[in-house]
Number of protein chains: 2
Amino acid sequence: MSISSRFTVGVHILALIELNKEGISSSEFLAGSVNTNPTLIRKIMGMLKKAGLIEVQPGIAGAKLAKEPSYITLLNVYKAVDVVQEKELFSVHENPHPDCLVGRNIQDSITPVLSTAQFAMEKVLGNVTIEDIAKDIVEKEKLKIQ
Amino acid sequence: MSISSRFTVGVHILALIELNKEGISSSEFLAGSVNTNPTLIRKIMGMLKKAGLIEVQPGIAGAKLAKEPSYITLLNVYKAVDVVQEKELFSVHENPHPDCLVGRNIQDSITPVLSTAQFAMEKVLGNVTIEDIAKDIVEKEKLKIQ
DNA sequence: TACGTTGTAATCAAATTAAATACATGATTA
DNA sequence: TAATCATGTATTTAATTTGATTACAACGTA
């Protein structure tokens, strides 16, 4: 199992909007860079818009960031594109048997650990911003050119 | 998306083997507590055996822990049942367009963050043992009885 | 030799993902 | 005003994964 690539596509979209801020980032343009179809991009753009991360208007070509890129974390994107529900990174088997000591207590015992693990993962995403990614992309490009 | 319940079922199995150490933990017995079918249990038991966490023999009823429960972490179980591959908790969109600055650098930029996030999650699992879970189950049971 | 257990392969329905098509709605411009 | 281009959204499709289920071979013991 893997977390949907909607998340990394979302990050790609935002980083590209930022680095292309002088140009027009239409869904078709973004789709070209991501290498997928514009419909998927528009679907994700809709989620990013709903989360207040970008500004888009029907009929008007191009999306803009709704905040400074240093104020958009990867966690914001992750939540926006809805890839993992709260406390549901791990699925827990349902209906363990209540007549068994373990069966009737395992869920309560294990759930806090799973939540803590999920939060630890999400915290890392919260410490990285779109600005960080955009700058790193520029940095990596410089290294390639040399 | 969610990580397969094979993981929590694996933890359930190990905790039950530990708490039922005086009895015989056959796949049918374990399946009753988990509330699933014995085949799934045997499949997971096979993975736990392969990882050196339990001892089982064809034809002989019952599984035993292969190590002290204080030496079996949830991370051991998680790796044993193969629910998430290394560095693949997040799926990254493939084939971004190389003619775009972002397209040709996004993977290298984002992969380290994703790996760090995954490791942070796994580290939490590595800090909890089957003994911890077993003791917590007994503890929670005591609270219920009062 | 029976019987019960583990080990394993194969099949099935349900859910999720990403690609693709189609079309309504909004804004610009010729 | 009509044509064009963009966004927004619903629907369909194939591929993949999950968990349930059936079937049966291999192993041990009574």
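Quick note on labels: first sequence line is chain A, next is B, and so on, each numbered from 1. Small disclaimer: the values here were computed from a predicted structure and weren't measured.
- You'll find the side chain of B:Arg6 reaches within 4.5 Å of the side chain of B:Met47, heavy atoms only.
- Between B:Gly46 and B:Ser91, the one whose closest nucleotide on DNA chain C sits nearer the 5' end is B:Gly46.
- The phosphate of C:dT16 has neither OP1 nor OP2 within less than 4.0 Å of any side-chain N or O from A:Ser4.
- Put simply, the residue from B:Leu48, B:Ile13, B:Leu65 that forms a side chain to side chain contact (heavy atoms under 4.5 Å, CB included) with B:Leu53 is B:Leu48.
- In this entry the distance linking CD1 of B:Ile44 with C1' of D:dA20 reads 12 Å, nearest Å.
- In this structure, B:Met47 atom CE and C:dG7 atom P are separated by 13 Å, rounded to whole Å.
- In this view, B:Glu55 satisfies the side chain to side chain donor-acceptor pair (under 3.5 Å) rule with no residue, not counting sequence neighbours.
- In this entry the distance linking CD1 of A:Ile41 with P of D:dT9 reads 16 Å, nearest Å.
- In terms of phosphate contacts, A:Lys49 brings a side-chain nitrogen or oxygen within less than 4.0 Å of OP1 or OP2 of D:dG8.
- Residues satisfying the ring pair (Phe, Tyr, Trp, His ring centres under 6.0 Å) test with B:Phe7, not counting sequence neighbours, are A:Phe90, B:Tyr78.
- Donor-acceptor pairing under 3.5 Å is recorded for the side chains of A:His12 and A:Ser33.
- The separation between A:Ile54 atom CD1 and D:dT7 atom C1' is 11 Å, rounded to whole Å.
- When rounded to the nearest whole Å, the span between CD of A:Glu28 and P of D:dC5 equals 11 Å.
- For C:dA18, one of the phosphate oxygens OP1 or OP2 lies less than 4.0 angstrom from a side-chain nitrogen or oxygen of A:Ser5.
- Nucleotide D:dA6 holds its C1' atom 17 Å from the CD atom of A:Glu55, rounded to whole Å.
- For B:Ser26, no side-chain nitrogen or oxygen approaches OP1 or OP2 of C:dT5 to under 4.0 Å.
- Of the residues near DNA chain C, A:Ser2 and B:Gly62, the one whose nearest nucleotide (by heavy atom distance) lies more toward the 5' end is B:Gly62.
- Here the C1' atom of nucleotide C:dG7 and the CG atom of B:Leu30 are 15 Å apart, to the nearest Å.
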Evaluate side chain to side chain donor-acceptor pair (under 3.5 Å) for A:Lys144 paired with B:Asn105, printing each intermediate quantity in order.
CA-CA 10 Å; A:Lys144 281 184 182 172; B:Asn105 291 291; 3.1 Å; yes
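- Taking atom CD of A:Glu94 as the reference point, atom P of C:dA15 lies 12 Å away to the nearest angstrom.
- The two residues A:Asp136 and B:Ser109 come nearest to each other via the heavy atoms OD2-OG, 2.7 Å.
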Per-nucleotide protein contact string for nucleotides 19-30 of chain C (B base, S sugar-phosphate only, - none; heavy atom under 4.0 Å)
BBB----BS---
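- Close to C:dT5, at under 4.0 Å from its OP1 or OP2, lies no side-chain N or O of B:Ser27.
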